[in-house]
Every structure is written in C-alpha cells, then in structure tokens.
K.L.:
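The structure is given below, and queries will be raised subsequently.
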Number of protein chains: 2
Amino acid sequence: MARKRFDDSNCSVARALNEVGDWWSLLVVLHAMYGTRRFVDFQKELGIARNILCDRLARLVDNEVLKKVEVGEHGSRCEYRLTEKGRDLFPIVVALRQWGDKWNPAPEQTPLDLRDRESGEPIQPITVQSADGRPLSVRDVLVKELVPKVDSAKKKAV
Amino acid sequence: MARKRFDDSNCSVARALNEVGDWWSLLVVLHAMYGTRRFVDFQKELGIARNILCDRLARLVDNEVLKKVEVGEHGSRCEYRLTEKGRDLFPIVVALRQWGDKWNPAPEQTPLDLRDRESGEPIQPITVQSADGRPLSVRDVLVKELVPKVDSAKKKAV
DNA sequence: GAATAGGGTTGCGTTTTAAAACCAGATTCA
DNA sequence: TGAATCTGGTTTTAAAACGCAACCCTATTC
C-alpha cells in the first residue's frame, strides 16, 4: 500500500511532517539557508540522486517552502529560493542541529558555531518558553482542553 | 537501492534526521510526550502498521530516545518511555506544531493550545535567540568559520 | 478450558529510493 | 561553425521500505 500521508490529519505536527518530514527535505532547506540555490549545487553538496532531488524540490515548491525563479535571460537556468514559510523553518533546523550536537556529537569534530551576526555572541539553546521567558519542559506544559467538534471516537487522533 | 543513511555525516542535522527524520518516528515521540506508553495504544492512536511500529520503537530504543521497560510481574507487558534524550526533542516537536499551525492551519479546527502549567498562560512561539534574548532570523546568524580538520574537498559537505 | 489481550513476526504485493544512463536546450571553447 | 560542456531534468532497473492481513506465543480473565 501507498505510504500513509498526513495531509488531512487534524494534528499540525503530522501536517508539518507531511511537507518536510522525509529524509531529504529538511536537508535541502538547510542548504538553502546556507545560500545554495542551484540544482547542481544541491546535488553536489547533498550527494542526493538527481531524480530524488527533482522530486523534493518540486514538492517543496508545491508546498511553498521554496520558490522557483528563472534567472539568465533565456531561461534554462533557475534558482530555488526560500519563501517566508521556508525561512520560518529556521528554529526547527537549529533545534535539530543542537539536539544532534548534544546527543550524537561527531567524534573528532567541533560542532558548528552559530553566532548572532550583530554581537558575535553564540546563539542560545532553543527552548520552549513561558510567557515570561522561563524554559519549559514537557512536564511543565499542558494542553488546554478544547471541546472537539468531531465525535469522541476521533478525539485521541492527534 | 538502499536508502541513504546519514549516521556518519559530519552534519549534526543529518545525524539527527537519521534518528528521527522518517515519516513516523517524531509522531511516536509526540504521542509518548502525550503520555502514550503501550504498543497497542501507539498503534491505535497513530494508525500505523504493527510491523512498522515494531521497527520504529526498536530503532528509537536503539538510539536511546525511548527505553523499553518491562512491567507486570511476569513479563509479557512492557512500556516504552521517553529518555532524557527523547524529552529533549520537545522544542523540535513544539516548533513543528507551531509551524504547521501557522502555515497549514486545519480548516474548521482551532490549533492545540499549549500552556504553561504553572501560570496557565500560553507558551511563546519558538525562536532562535541571541545571548540577550533577541529573536534572530536566518539572516541574523552567521557560522563562525572553524579550521576544518579534513581536506578542503570535503569542506562543503555539511 | 476457552476466550481474550499484549506484543510481536511472517508473507506478500505495492511504493519509494538510489544509481546510472540518457536527453534537450543554452553556452563556452577551439 | 562545430564540438564539448553545463544545466535541469526524465527513464530504467533493482533494492529497500511500507501497509495489510494472518499467524504466534505468553499471560491473564471468564
């Protein structure tokens, strides 16, 4: 059977993963954030198969994470640039990087050092924060129960 | 051909995605954060095939995101609980949820309302922050260049 | 003692993925 | 001008991964 899709899930995490939750999409977005814009550069940097890259770029464009821009006067050259929606993935990518650096540090390699361009200081670890800025763990957060519009049999389907 | 793995990538984002970057793993972690612990409950809530769930749980246990705990005196019943590494995925899950709610809102449905248990106030949107707490966009952050230990041909392989 | 629940595993057919070959338009090189 | 090259793809083929249903084995419950 076909892979299960989450397009119409009532869980926004599932819907997000539906767009960027596969093995390659977030890496493509990451490289776009580094400044990569051209097909061949994504291909070389990621070592991804060309057909898969085609598919991922097209899907990201469909989902408005990237936009395809024709450059070079006569066509035949184009760029893939992040949209605002795509740039909005920045905290997710940084959080993944910090998690990876913390829990799966590469031996013999210092983690990438991300810094605030203005002050030159390292950025903070990403946390969930309360209204007044305290970091919150899973246990500090509750889901405010809403009256579901659907039948209760579906209530658990997050 | 086999799916490409990123185990030994020198990019911590790739290494993170190697552990939780497939279609199901983060949803399993999400439900674990909601309190789900038993095989059958994950299966019912997610609607995932049993063999796939087996595989994902085993992989998450291997990667120490979950730990398998035997409960019930005579075995035959066990629970999957988040480790600290697993709980540390909280900001990523919340950031994904906020991104999904912002860019792919479900029609006819109010997004989940996450609140600080202590104050009852809604949590903040997750952002990348400077040392003094200013929110930073992609463009506000730079990578401090480090002298790579590897040959320059590999330098671009993030 | 039979039925049920929990946690899997096994087969089987379908879908994705990876790799490499091939393509066609535009540009550069000789 | 004509050949080689660059760019962004599509096609082909084989190996995994996925989804489903059926089966299994160990408790526990009726």
Side-chain angles (χ1 to χ4, degrees), chain A residues 1-9 14 17-28 31-32 36-63 66-81 156-157, chain B residues 1-9 14 17-28 31-32 35-63 66-81 157:
Chain A
M1 272 254 155
R3 161 182 293 167
K4 199 160 283 195
R5 308 312 297 240
F6 309 117
D7 311 60
D8 54 349
S9 168
L17 288 173
N18 199 50
E19 297 194 349
V20 296
D22 70 303
W23 291 100
W24 286 112
S25 295
L26 272 182
L27 289 180
V28 170
H31 279 249
T36 303
R37 294 179 162 190
R38 299 230 314 282
F39 185 91
V40 283
D41 292 329
F42 283 113
Q43 211 258 309
K44 277 183 243 164
E45 292 168 16
L46 291 166
I48 184 177
R50 302 167 71 82
N51 51 349
I52 304 297
L53 178 57
C54 270
D55 180 78
R56 291 304 179 278
L57 288 172
R59 183 139 72 206
L60 289 169
V61 169
D62 275 352
N63 292 137
L66 297 177
K67 62 183 171 234
K68 188 171 179 175
V69 182
E70 303 290 338
V71 300
E73 291 67 19
H74 315 82
S76 134
R77 196 160 306 188
C78 64
E79 291 186 348
Y80 294 91
R81 298 190 199 161
K156 281 293 264 185
Chain B
M1 274 258 154
R3 164 182 290 169
K4 195 162 284 193
R5 309 311 298 241
F6 308 118
D7 311 60
D8 54 349
S9 168
L17 289 173
N18 198 51
E19 297 195 349
V20 295
D22 70 302
W23 291 100
W24 287 112
S25 295
L26 271 182
L27 289 180
V28 170
H31 279 249
T36 303
R37 292 179 163 190
R38 299 229 314 283
F39 185 91
V40 282
D41 292 330
F42 282 114
Q43 211 258 308
K44 277 182 246 168
E45 293 169 16
L46 291 167
I48 183 177
R50 302 168 71 82
N51 51 350
I52 304 297
L53 178 57
C54 269
D55 180 79
R56 290 304 178 278
L57 288 171
R59 182 139 72 205
L60 289 169
V61 169
D62 276 352
N63 292 138
L66 297 178
K67 63 183 170 232
K68 188 172 179 174
V69 181
E70 303 289 338
V71 299
E73 291 68 18
H74 316 81
S76 137
R77 198 160 304 191
C78 63
E79 290 185 349
Y80 294 90
R81 299 190 197 160

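Below, chain A is the first sequence line, B the second, and so on; all start at residue 1.
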K.L.:
Taking salt bridge (charged side-chain N to carboxylate O under 4.0 Å, His left out) as the test, write out the residues that go with Arg5(B), two or more places apart.
P.N.:
none

K.L.:
Base, sugar-phosphate or nothing for Arg5(A)? Non-hydrogen atoms, less than 4.0 Å.
P.N.:
nothing

K.L.:
How many whole angstroms separate atom CD1 of Ile48(A) from atom P of dA19(C)?
P.N.:
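Spelled out: CD1 on Ile48(A) to P on dA19(C) is 10 Å.
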
K.L.:
Check whether any side-chain heavy atom of Val20(B) sits under 4.5 Å from a side-chain heavy atom of Leu60(B), and report yes or no.
P.N.:
yes

K.L.:
For Ala49(A) and for Glu79(B), locate the closest nucleotide of DNA chain C by heavy-atom distance; then report the residue assigned to the nucleotide nearer the 5' terminus.
P.N.:
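Upstream on the strand: Glu79(B).
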
K.L.:
Could you tell me whether the phosphate oxygens of dT7(D), OP1 or OP2, come under 4.0 Å of any side-chain nitrogen or oxygen in Arg38(A)?
P.N.:
yes

K.L.:
With sequence neighbours excluded, tell me which residues meet ring-ring contact (aromatic ring centres under 6.0 Å, His included) with Phe6(B).
P.N.:
Trp24(A)

K.L.:
Round to the nearest Å and state the distance from Leu66(A) atom CG to dG8(D) atom P.
P.N.:
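In whole Å, dG8(D) P and Leu66(A) CG are 14 Å from each other.
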
K.L.:
Once you round it to whole Å, what is the distance between C1' of dC25(D) and CZ of Arg77(B)?
P.N.:
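The distance from CZ of Arg77(B) to C1' of dC25(D) comes to 15 Å, rounded to the nearest Å.
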
K.L.:
Starting from C1' on dA19(C), measure out to CG on Asp55(A) and report it in whole angstrom.
P.N.:
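Rounded to whole Å, this separation is 16 Å.
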
K.L.:
Considering residues at least two apart in sequence or located in another chain, which fulfil the salt bridge (charged side-chain N to carboxylate O under 4.0 Å, His left out) criterion with Arg37(A)?
P.N.:
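Glu79(A).
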
K.L.:
Shorter than 3.5 Å, N or O on both sides, protein versus nucleotides 9-12 of chain D: list them out with atom names.
P.N.:
residue: dG9(D); atom: OP1; partner: Lys68(A); partner atom: NZ; Å: 2.4
residue: dG9(D); atom: OP2; partner: Tyr80(A); partner atom: OH; Å: 2.3
residue: dG9(D); atom: N7; partner: Arg50(A); partner atom: NE; Å: 3.3
residue: dG9(D); atom: N7; partner: Arg50(A); partner atom: NH2; Å: 3.1
residue: dG9(D); atom: O6; partner: Arg50(A); partner atom: NE; Å: 3.1

K.L.:
Under 4.0 Å: is that the gap between some side-chain N or O of Trp23(B) and OP1 or OP2 of dG19(D)?
P.N.:
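Result: no.
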
K.L.:
By ring-ring contact (aromatic ring centres under 6.0 Å, His included), which residues pair with Tyr80(A), not counting sequence neighbours?
P.N.:
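Once residues adjacent in sequence are excluded, Tyr80(A) has no partner under the ring-ring contact (aromatic ring centres under 6.0 Å, His included) criterion.
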
K.L.:
Could you tell me how far apart Glu70(A) (CD) and dG25(C) (P) are, to the nearest whole angstrom?
P.N.:
15 Å

K.L.:
Using only side-chain N and O atoms of Lys4(B), determine if any of them is under 4.0 Å from OP1 or OP2 of dA16(D).
P.N.:
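The answer is no; no side-chain N or O of Lys4(B) sits under 4.0 Å from OP1 or OP2.
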
K.L.:
Can you check the Ile52(A) CD1 to dA15(D) P distance for me, whole Å?
P.N.:
17 Å

K.L.:
Could you tell me which residues satisfy salt bridge (charged side-chain N to carboxylate O under 4.0 Å, His left out) with Arg56(B), sequence neighbours excluded, listed by chain and number?
P.N.:
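Scan of Arg56(B) (salt bridge (charged side-chain N to carboxylate O under 4.0 Å, His left out), adjacent residues dropped) gives Asp22(B).
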
K.L.:
Expressed in angstrom and rounded to an integer, what is the separation of Gln43(B) atom CD from dT9(C) atom P?
P.N.:
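Roughly 14 Å, once rounded to whole Å.
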
K.L.:
So Leu66(B) and Val28(B), do their side chains get closer than 4.5 Å, heavy atoms only?
P.N.:
yes

K.L.:
To the nearest Å, give me how far apart CG (Asp22(B)) and C1' (dG19(D)) are.
P.N.:
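After rounding, the gap between these two atoms is 15 Å.
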
